[in-house]
Number of protein chains: 2
Amino acid sequence: MNPLIHELFQRSRFLTQEANHTLKKFNLFTSQWSVLYCIQRHKEMTLTQIWKYLNVEAPTITRTVNRLAELGWIEICSGKDKREKIVKLSEHALQQYPAIKTAMMEFEDQMVAGLSKEEEVQLFELLKKIR
Amino acid sequence: MNPLIHELFQRSRFLTQEANHTLKKFNLFTSQWSVLYCIQRHKEMTLTQIWKYLNVEAPTITRTVNRLAELGWIEICSGKDKREKIVKLSEHALQQYPAIKTAMMEFEDQMVAGLSKEEEVQLFELLKKIR
DNA sequence: AAGATATACTTAGCTAGCTAAATAAAATCC
DNA sequence: GGATTTTATTTAGCTAGCTAAGTATATCTT
């Protein structure tokens with residue numbers, strides 16, 4: 001395998017794993033956090049908005065959202081359009097949110113601590129050239 | 001989420017997905033190909049050698065190797081040490097190998113076609129700084 | 001207004017990563 | 001040489017991505 005692509009997969013696995021460790025004390029997984037994060041930013045979202053925003057397929061979000069509801073992190077209601085489901089953070093999630101966000105920002109800063117600000121920008125631009 | 005980390009996850013998902021499409025005509029998935037690839041390079045390997053080489057956990061390799069054996073891509077034999085399993089490519093795999101390798105090299109070249117040789121090296125070095 | 005098409009979400013089933021704990025063989029230590 | 005520890009692999013069970021196909025509601029077309 002192309003060493004560049006191989007390295008990218010390695011880094012991706014490493015980061016999800018480390019993020020999972022960070023989130024463990026909140027009883028959350030990385031992808032669950034991604035969903036909570038984007039709901040918080042938009043206050044409320046439909047499932048379609050979520051999966052388009054995160055750039056994954058719909059069934060992935062159906063499953064994660066249901067799990068988050070089971071665990072009490074989010075509430076699901078239905079809007080005027082009976083097909084769609086509107087999702088928002090629960091009271092519990094709103095309370096916990098700042099602490100989790102802080103922990104995750106620290107974690108992310110730590111992960112990219114080896115790069116200067118210019119290198120971060122450079123890496124970001126180079127990644128976008130893969131397609 | 002840090003936009004850099006987010007972008008890295010996006011690229012990683014995109015690449016596995018595209019690689020899966022490329023491999024579809026050989027009835028293989030990306031991770032299965034990774035295993036075949038490294039077995040071919042080493043002629044034969046134990047499971048432990050494989051998961052250490054690919055930097056994943058042992059159960060992941062147990063499952064993928066068993067699936068590859070079921071599908072007739074590899075043969076599993078046992079060595080002097082009765083704990084370990086030694087794995088090598090089947091006749092079928094050896095025959096197909098060059099065609100798959102060619103297809104995958106074309107695919108990989110295409111994926112990084114947007115980058116100059118210097119940018120490839122740069123990207124590789126920057127990725128390694130994430131830890 | 002009825003039929004056709006599009007959209008939102010779900011279900012089923014696959015690969016693929018992980019952790020924790022179990023099993024069996026090998027190696028090490030009195 | 002017998003008990004202990006280490007090593008190789010497996011099993012069970014979780015998250016998380018995907019595709020393909022199904023259901024229900026909205027919208028569009030004529």
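Because the structure is predicted, anything quoted here is derived from the model rather than measured.
For the side chain to side chain donor-acceptor pair (under 3.5 Å) test, residues two or more places apart in sequence or in another chain that qualify with A:R67 are A:E70. Checked against side chain to side chain donor-acceptor pair (under 3.5 Å), A:K117 has the following partners two or more places apart in sequence or in another chain: A:E120. The side-chain contact (heavy atoms from CB on, under 4.5 Å) search around B:K52 returns B:T48, not counting sequence neighbours. For A:K82, there are no salt bridge (Lys or Arg N to Asp or Glu O under 4.0 Å) partners two or more places apart in sequence or in a different chain. Under the side chain to side chain donor-acceptor pair (under 3.5 Å) criterion, A:R83 pairs with A:D81, sequence neighbours left out.
Rounded to whole angstrom, the span from the NZ atom of B:K24 across to the C1' atom of D:dT19 amounts to 7 Å. For the pair B:I76 CD1 and D:dT10 C1', the interatomic distance rounds to 12 Å; values are reported in whole Å. Across the protein-nucleic acid pair, A:L15 atom CG and C:dC18 atom P stand 13 Å apart, rounded to whole Å.
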Using a 4.0 Å heavy-atom cut-off to protein, can you give one letter per nucleotide of nucleotides 7-17 of chain C, 5' to 3': B if the base is in contact, S if only the sugar-phosphate is, - if neither?
BSSBB---SBB
